[in-house]
Amino acid sequence: MKVVTRFAPSPTGNLHIGTVRTALFSWLYARRHSGEFYLRIEDTDRQRSTPEASKLIIDSLDWLGLSHDGDLVYQSERTAIYRERARQLIEAGLAYHCTCSRERLDALRSEQMKQGLKPRYDHKCRELGLVPDQSTEYVIRFKNPLDGSVVVRDMVQGEVIYDNSQLDDLIIIRPDRTPTYNFSVVVDETDMGVTHVIRGDDHLNNTPRQINLFTAFGQNPPKFGHVPMVLSAEGRKLSKRDNVASVLEYRDMGYLPEAILNYLVRLGWSHGDKEIFSLDEMIELFDAEKIHRSPASLDPKKLIWINHQHMMELDAKDIRQRSRKIFDDLGVDIESSPVSVERVFEAQKSRSKTLCEFVERSRYFFVDEIEFDESSVQKHLTEKTRRPLQEFRSALTEISEWTQENIHTALVAVVETNGIKFGELAQPVRVALTGGTVSPGIDVTVELIGKSRTLARLDRALGLGE
RNA sequence: GUCCCCAUCGUCUAGUCAGGUUUAGGACACCAGCCUUUCACGCUGGCGACGGGGGUUCGAAUCCCCCUGGGGACGCCA
């Protein structure tokens with residue numbers, strides 16, 4: 001049978017990184033088994049759902065590359081279907097109208113809590129066979145089985161048994177005739193042919209109710225896999241209060257989507273000692289049975305490290321497209337620059353933990369006017385370094401072929417005739433060309449900046465001390 | 001309060017199901033050193049954990065019980 005999984009977020013805020021991990025697991029499971037991965041927007045709560053939040057979800061998944069199959073499903077467009085299914089349940093004697101007031105329910109609940117009982121509906125309307133007229137406010141409740149138990153065989157949690165006596169006659173249709181979560185989910189999983197439900201373990205307690213509902217519809221429930229939540233670095237539940245609320249913020253900070261996914265897949269799951277996974281490797285090696293049952297905390301430092309690993313493995317020919325927007329935002333035009341961004345990246349990737357870091361520390365390759373760091377100038381562009389710099393400049397003019405090797409030879413020659421250490425020439429040149437003391441190897445830096453710009457910058461540096 | 005889940009270095013984890021191969025392995029971070037023209041990368045080493053208590057057993061991180069601690073659920077939210 002074909003595997004069908006789904007991601008079913010409610011559009012009530014940002015897509016945070018914990019939710020993304022659930023989506024990733026679901027997506028991986030589908031891809032692993034050559035199945036389908038659907039996206040369903042759970043917007044039955046009209047008060048809290050917004051179109052902006054839906055867009056955020058779609059944009060986030062899009063950026064991450066967690067593509068979904070088939071059409072996007074909005075629950076809000078399926079209300080008629082839910083009503084019809086509820087009607088069928090009533091007809092079959094498996095659901096009923098209930099006219100109990102909220103006040104009565106609230107009082108009941110607090111009374112039960114006070115007595116140390118698990119709060120539940122007391123079945124007042126269960127066997128009344130009420131058929132309310134238009135003017136009466138009512139809800140529709142599901143007749144949960146009174147006895148026996150429900151066994152959840154969970155891919156992650158193992159076997160969890162719930163006693164039906166612990167469960168409730170849950171409301172499936174509200175007075176405004178919209179469906180509640182547990183009901184719409186069951187209808188949707190059935191209609192969409194979902195075979196594997198992978199979701200947060202905050203839903204584990206809902207599962208026996210849903211299984212009873214599946215049974216009422218004469219359906220075999222899908223397989224479930226309840227994955228633990230992700231905790232913040234402080235070990236608390238992830239919330240908007242944690243500074244990084246949305247995955248899109250990671251994009252803006254220059255993280256690679258594949259690195260985010262790699263980091264997330266290693267949270268609560270592992271494959272031996274392997275740390276770095278390409279997307280294809282994740283798909284090939286992912287195994288839902290090995291997901292941990294315990295929640296994991298986020299570690300920003302490790303995320304950075306993983307991002308760096310992926311940066312270093314990034315194909316240089318992708319860097320232009322990946323970093324263009326960041327360059328643009330900084331006002332750096334890489335398209336009309338004589339310097340190849342691909343080659344700059346090759347030279348910079350070992351020291352660029354994020355795309356933003358790469359862009360920021362590569363400015364001097366692309367702009368005409370570099371900015372000088374005052375203390376670097378003070379330290380390295382001195383009277384003492386003047387002569388070697390000048391000699392280096394003239395040596396460069398002699399170079400016929402502008403290659404790293406030839407530049408290196410020129411460097412060495414000047415170092416030797418002046419009897420100085422390599423760094424005593426390299427650092428002044430570096431400051432002259434980049435404005436600061438940090439750059440790739442000096443010969444590559446000189447080569448990439450190009451002959452005319454190098455000469456011009458050396459001239460400017462030489463004039464700086466006058 | 002009731003129900004459910006969880007528990008190995010600071011963090012992510014291997015080992016737990018099938019108890020001995022474990023002086024508990026790896027990774028991030030941190031510290032020291034090496035490499036070196038800067039910064040990185042890389043390399044070497046160090047620090048560092050089975051929450052507590054009872055059992056079972058020749059032997060327990062691994063099995064059982066209790067405690068503690070964390071999380072979740074108990075909604076006309078999802």
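Throughout, a chain's letter reflects where its sequence line sits, starting with A, and its residues are numbered from 1. Heavy atoms only: backbone and side chains are in, while hydrogens, waters and symmetry mates are out.
Residue contacts shown for Ser439(A) include a base, since a base heavy atom lies under 4.0 Å away. Across all strands, Tyr162(A) comes closer than 4.0 Å only to sugar-phosphate atoms, never to a base (heavy-atom distances). Residue Leu267(A) is in sugar-phosphate contact alone, with no base atom involved, counting any heavy-atom pair closer than 4.0 Å across all strands shown. Residue contacts for Ser270(A): at a heavy-atom cut-off of 4.0 Å it reaches the sugar-phosphate backbone alone, with no base atom in range. At a threshold of 4.0 angstrom between heavy atoms, the contacts of Pro440(A) include nucleobase atoms, whether or not backbone atoms are also involved. Looking at heavy-atom distances under 4.0 Å, Gly436(A) makes no contact with the nucleic acid at all.
Between His68(A) and Phe7(A), the closest side-chain pair of non-hydrogen atoms is not below 4.5 Å.
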Item to check | Base-contact (B) and sugar-phosphate-only (S) positions in nucleotides 69-78 of chain B, heavy-atom cut-off under 4.0 Å, - elsewhere | outcome: ---BSBSBBB
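The same atom, P, is picked in rA27(B) and in rU44(B); the two are 9 Å apart, to the nearest Å.
Proximity of Arg293(A) to the phosphate of rC6(B): a side-chain N or O atom is located under 4.0 Å from OP1 or OP2.
Ring centroids of Phe277(A) and His310(A) are separated by 6.0 Å or more, keeping the two rings apart. A ring-centre distance under 6.0 Å is not found for Trp269(A) and Phe25(A).
Interatomic distance, Glu391(A) CD to Thr417(A) OG1, rounded to the nearest 0.5 Å: 4.5 Å. Between atom NE2 of residue His16(A) and atom CE of residue Met229(A) there is a gap of 7.0 Å, rounded to the nearest 0.5 Å.
A donor-acceptor contact under 3.5 Å links the side chain of Glu275(A) to the base of rG26(B).
Across rG42(B), rU38(B), rG26(B), the shortest atom-to-atom separation from the side chain of Arg266(A) is found for rG26(B).
rG45(B) is paired with rC31(B) under the criterion used here, namely a Watson-Crick or G-U wobble arrangement in which both key atom distances are under 3.5 Å.
For the ring-ring contact (aromatic ring centres under 6.0 Å, His included) criterion with Phe358(A), the lone passing option out of Tyr255(A), Phe345(A), Phe365(A) is Phe345(A).
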